[in-house]
Asker: 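Right, I'll just put the structure down here and ask away after.
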Amino acid sequence: MIRLYLKQAWELLKQNKLFSMLYITGTGLAIAMTMVVFVAHYIKVAPIYPETNRARTWVLKSVSVQYLKTKGNSNWQSSYKLVRDWWYAMRETETVSAVYQPWGIEDFIQPDNMGADIKVEVKYTDPAFFQIFQFKFLDGKPFSHADFDSGIMNAVIGESLARRLFGTIDVVGKTFNLNYTDCRVAGVVKDASFLTSSSFAQLYLPYTSVTGYDNVNGGNDDLLGSYIVYFKVKDDAQGMALKAEVDELVRKYNASQEEKKLVLLGPDIFWKSAYRHGNAPLDWWELIRQWGGLVLIFLLVPALNLCGMISTRMEKRLPEMGICKAFGANRGRLLRQVLTENLILTCLGGLLGLCLAWIVLIAGRNWVFTLFERYGDSVPEGVDTIVSFDMLFSPWVFMVGFAVCLLLNMLSALWPAWKALRKNIVYSLNQKK
């Protein structure tokens, strides 16, 4: 039966070339816009190099201090004291890493050829960072705990930066000037994409090499500073135990204070942290309204247009439907036939839509993803955004693409087909006159 439907759908496609072309193109554009939205959000939460441990990673971004007498508050990130005394000492975790984000500091490399300084993106972190984020080392290894403890500027650099500075990736032991200070290369890694913001940098250094890394920010009992903290856990159960341990630390601290109160909404599992901004609670309904509404528009507007086209075609096919009914075909069988025929066209449009979405995402990789970020940074100068195979060719991408095809097919074909098939045999046969 399916074979017969396929054969008939192919014949109809050849007989009505203009209709088929418009239907496939309209479907393709709708699915392309929908898939661009889906892939952009998929990249934020899926296990993508080097952030393949996202399902086991918890993140603490924001720290808030409330002043009980003045009713004021201060918001920032974890201080060095919190990192050292609290987060590194957590029991319910496998690995803890902190990333230092000094405010207002820009980093430049001074090339040996005395050319213009090269602005680079530097991530100041610790050795555990390379245990949480699974970088592929092309040469060398991470800076050591001894380097970290001593504040030695032994760096891990990205493949692209290594080629730009030295023309090769075999550069372990070589030196360069960063902010007029000698840096030695300890390892070279395969580049992370700008889209994986937690791990992206061109250069990785021990945060202990930065002057003032242990300074207090604002004098709030050493609570506020410039550190984002990542916790790698064994499973979801340990993640919840970690959250409970953090809550208990905060409760004990607040019980000992009379003038201020520490407030943490984290740590959050990685996918949740990707949508949290600052120390405000997540508003899931806002996200659903914003992105769900956009996808609904992308699907409904084309579905209405396609519905009109199918209604017109069904009127022309009424005699055919009448003959089928006269020979014993029931309404359900004819409805399945029409839906299957349209699903084939919709799937062809879906393939076109996936290809269009991939073209848009690859060609516009340096700007299109910023449309989905509320407070997104622009791509740094000299950085080409990497859109990798596992970002675009995931089974989830194909599954969602097919689901969108099914939904669009039902929205556009079900009502006109059902309406046409409700008409009696005599009326349908008379349409041939």
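Only this structure's heavy atoms are used, side chains among them; waters, hydrogens and symmetry mates stay out.
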Asker: Return the set of residues passing side-chain contact (heavy atoms from CB on, under 4.5 Å) with Ser150 (not counting sequence neighbours), or none when no residue passes.
Answerer: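 Listed in chain order: Ile152.
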Asker: Not counting sequence neighbours, which residues clear salt bridge (charged side-chain N to carboxylate O under 4.0 Å, His left out) with Lys69? List them please.
Answerer: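 Here the qualifying residues are Glu259.
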Asker: Only counting residues at least two apart or in another chain, list the ones meeting salt bridge (charged side-chain N to carboxylate O under 4.0 Å, His left out) with Glu106.
Answerer: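 Testing Glu106 for salt bridge (charged side-chain N to carboxylate O under 4.0 Å, His left out), a comparison that skips the adjacent residues, returns none.
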Asker: Asp268: what forms a salt bridge (charged side-chain N to carboxylate O under 4.0 Å, His left out) with it, not counting sequence neighbours?
Answerer: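 By the salt bridge (charged side-chain N to carboxylate O under 4.0 Å, His left out) rule, Asp268 matches Arg276.
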Asker: Only pairs under 3.5 Å count here: list side-chain donor-acceptor contacts from residues 235-243, not counting sequence neighbours, and write none if there are none.
Answerer:
unit_1, atom_1, unit_2, atom_2, d
Asp235, OD1, Ala237, N, 3.2
Asp235, OD1, Gln238, N, 2.9
Gln238, OE1, Lys234, N, 2.6
Lys243, NZ, Asp247, OD1, 3.3
Lys243, NZ, Asp247, OD2, 3.4

Asker: Which residue pairs satisfy the side-chain hydrogen bond (donor to acceptor under 3.5 Å, both in side chains) criterion with at least one member in residues 175-187, sequence neighbours excluded?
Answerer: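 Pairs touching residues 175-187 that pass the test: Asp107-Asn179.
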Asker: Could you pull out every donor-acceptor pair under 3.5 Å between side chains of residues 24-49 and any protein atom, sequence neighbours left out?
Answerer:
unit_1, atom_1, unit_2, atom_2, d
Thr25, OG1, Met21, O, 2.7
Thr27, OG1, Tyr23, O, 2.8
Thr34, OG1, Ala30, O, 2.9
His41, ND1, Tyr275, OH, 2.9
Tyr42, OH, Ser394, OG, 2.8
Tyr49, OH, Lys136, N, 3.1
Tyr49, OH, Lys190, O, 2.8

Asker: Using the ring pair (Phe, Tyr, Trp, His ring centres under 6.0 Å) rule, collect all pairs that involve residues 138-168, keeping only residues at least two apart or in two chains.
Answerer: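 Residue pairs with at least one partner in residues 138-168: Phe130-Phe143, Phe148-Tyr207.
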Asker: Determine which pairs satisfy side-chain hydrogen bond (donor to acceptor under 3.5 Å, both in side chains) with at least one residue from residues 156-170, sequence neighbours left out, and list them in order.
Answerer: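 Counting only pairs at least two positions apart or across chains, the side-chain hydrogen bond (donor to acceptor under 3.5 Å, both in side chains) contacts touching residues 156-170 are Glu159-Arg163, Ser160-Asp191.
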Asker: Just list the side-chain donor-acceptor pairs under 3.5 Å for residues 196-205, sequence neighbours left out, or say none.
Answerer:
unit_1, atom_1, unit_2, atom_2, d
Thr196, OG1, Ser193, O, 2.8
Thr196, OG1, Ser199, OG, 3.4
Ser198, OG, Tyr230, OH, 3.4
Ser199, OG, Glu51, OE2, 2.9
Ser199, OG, Thr196, O, 3.3
Gln202, OE1, Glu121, N, 2.8
Tyr204, OH, Ser199, O, 2.6
Tyr204, OH, Ala201, N, 3.2
Tyr204, OH, Ala201, O, 3.3

Asker: Once salt bridge (Lys or Arg N to Asp or Glu O under 4.0 Å) is applied, what residue pairs with a partner in residues 383-407 remain, sequence neighbours excluded?
Answerer: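 Passing the test, one end in residues 383-407: Arg365-Asp384.
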Asker: List in chain and number order the residues that pass side chain to side chain donor-acceptor pair (under 3.5 Å) with Asp149, two or more places apart in sequence or in another chain; answer none if no residue qualifies.
Answerer: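 Per chain and number, Asp149 pairs via side chain to side chain donor-acceptor pair (under 3.5 Å) with no residue.
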